[in-house]
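First comes the structure, then the notes that go with it.
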There are 2 protein chains.
Amino acid sequence: MSETAPEASKRRGSYAKGLVRRQQILDRAIEVFAERGAERTSLRSIADAIGVSHGALTHYFTSREQLLVEVYRASERRADETSPHPEGTSAVGVMTESARRNRTVPGLVQLYSTLVAAALEEGHPDAREFATQRFSRIRAGLAADIRAQQRSGRVRHDLDAELVASLVIAASDGLQTQWLLDETVDLEGSLGVLERVLTPPDTTPLR
Amino acid sequence: MSETAPEASKRRGSYAKGLVRRQQILDRAIEVFAERGAERTSLRSIADAIGVSHGALTHYFTSREQLLVEVYRASERRADETSPHPEGTSAVGVMTESARRNRTVPGLVQLYSTLVAAALEEGHPDAREFATQRFSRIRAGLAADIRAQQRSGRVRHDLDAELVASLVIAASDGLQTQWLLDETVDLEGSLGVLERVLTPPDTTPLR
DNA sequence: GTCTATAGGGCGATAGAC
DNA sequence: GTCTATCGCCCTATAGAC
């Protein structure tokens, strides 16, 4: 993944102390965002909630946007570590699982939505890079999964894997948004429909 | 739909002049947003671009958020008027058509994304009301379309229309954001895949 | 009724003090 | 290396001019 490492390694000293402190701030920030989402997230409010000063925050993070991006990245990384998805899961299944997990931390979904919205505007390079990278990474991984499932007959073979990958991601993102706004929206139900129609008709005679 | 009419009808006078001016501002604002999207959209910048004063804007719109919501609502209304969709179009077809139209005005899609992101946060009542109403209205309309198409055999009958409606909306929204970030994403292609898998297998023996 | 001028409180970013 | 002080901009609210 290579990350944004060029800037992260600040050469000369600042080894332990600085990086540790930075990580502490990041960890605490994840909790804060998970609770309250993207609202009340001025640098001053975040600093207050974390227990550091406004200036300290800007010392470790060049901009507010960079902080938001890094918080989300760190939370994503942490989530991947705590629950790696088993080999055999279906592509839609992976997204369903991810969506289910996200339901427990609406603030992070909201943060994600904020970042994507920012990425669409010009003049937000950090957010845009984050979103672009994330989509292409997930799209590529999902497309590979789907191709494998097509070979094993669990996904219709007459569909372009790339197109399906984009579709599954879009459905997952869009449904999470709808669900956050209206809890009567059946997120897993709709994802289930998608999974069903993507599987070969022979495999499920009528079911 | 009843709209937000309680406040809109300001009783006593203010008939022509004010409402006309307000509409002029809205019309001009649509153009501005279509061009530049949600960026550079401080009330002062918008006022400048439109050719009115900052104060004039706040006279007609109670808050910045309300202005954004009304601009998007007005643009949506205008789009519906200029290109009403013919009776027979498929549900996915309607969304495809809408997506194709949106491609010519990326700024409005971006504005939409901003509004939805804001709606997910607390403390943005106007945006939330807009998003909630919009989703439930479109969902209901689409579900009705889908049920009709199920009766005429153009959509698989073994799928819950509500679930499909949410899914189609999500796919459309999600794919548009992916496309805005990366033009190599094949929006219409992915929507085509969705349409294909939603149609009954018998109708399309293999094709 | 329509709008201009102005003030208040908060923001992100930055320069310079410990 | 850490953080306080400050700058310019923002939205909102209000007072009063056309």
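The figures that follow rest on heavy atoms only: side chains count, while hydrogens, waters and symmetry mates do not. No experiment lies behind these values; they were computed from the predicted model shown. Per chain, numbering begins at 1; letters A, B, ... match sequence-line order.
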query = Distance check: side-chain N/O of B:R21 vs OP1/OP2 of C:dG1, anything under 4.0 Å?
reply =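 B:R21 to C:dG1 OP1/OP2: no side-chain N or O under 4.0 Å.
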query = Given C:dC11, is OP1 or OP2 found less than 4.0 Å from the side-chain N or O atoms of A:S42?
reply =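 For C:dC11, OP1/OP2 do have a side-chain N/O of A:S42 under 4.0 Å.
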I need the [atom1]-[atom2] distance between [X] and [N], as an integer number of Å.
| X | N | atom1 | atom2 | value |
| --- | --- | --- | --- | --- |
| A:F61 | D:dG1 | CZ | P | 16 Å |
| B:I46 | D:dT12 | CD1 | C1' | 14 Å |
| B:Q66 | D:dC11 | CD | C1' | 14 Å |
| B:L57 | C:dA5 | CG | P | 16 Å |
| A:R40 | C:dG12 | CZ | P | 11 Å |
| B:I25 | C:dT2 | CD1 | P | 11 Å |
| A:L68 | C:dC11 | CG | C1' | 14 Å |
| B:D48 | D:dC9 | CG | C1' | 14 Å |

ask   = Without hydrogens or angle criteria, can the side chains of B:R36 and B:Q110 be said to hold a donor-acceptor pair below 3.5 Å?
value =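 Looking only at side-chain atoms, B:Q110 and B:R36 do not form any donor-acceptor pair under 3.5 Å.
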Report, one pair per line, the protein and nucleotides 13-18 of chain C atoms (nitrogen or oxygen only) whose separation is under 3.5 Å.
| from | atom 1 | to | atom 2 | distance (Å) |
| --- | --- | --- | --- | --- |
| C:dA13 | OP2 | A:R64 | N | 2.9 |

Separation of B:S75 OG from B:E70 CD (nearest 0.5 Å) =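 Taking CD in B:E70 and OG in B:S75, the distance rounds to 11.5 Å.
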key: Residues in side-chain contact (heavy atoms from CB on, under 4.5 Å) contact with A:D126, at least two apart in sequence or another chain   =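 A:D126 satisfies side-chain contact (heavy atoms from CB on, under 4.5 Å) with A:S63, A:E65, A:Q66, A:V69 only.
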request  = Run the salt-bridge test on B:E76 and B:R73 with the 4.0 Å N-O cut-off and return the result as yes or no.
outcome  =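 No.
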task = State whether the side chain of A:R22 and the backbone N or O of A:Y60 hold a donor-acceptor pair below 3.5 Å, judged by distance alone.
result =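 Answer holds: yes.
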request  = May I ask you to decide if A:A38's main-chain N or O and A:T41's side chain share a donor-acceptor pair within less than 3.5 Å?
outcome  =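 Indeed, once roles are kept as given, a pair shorter than 3.5 Å links the two residues.
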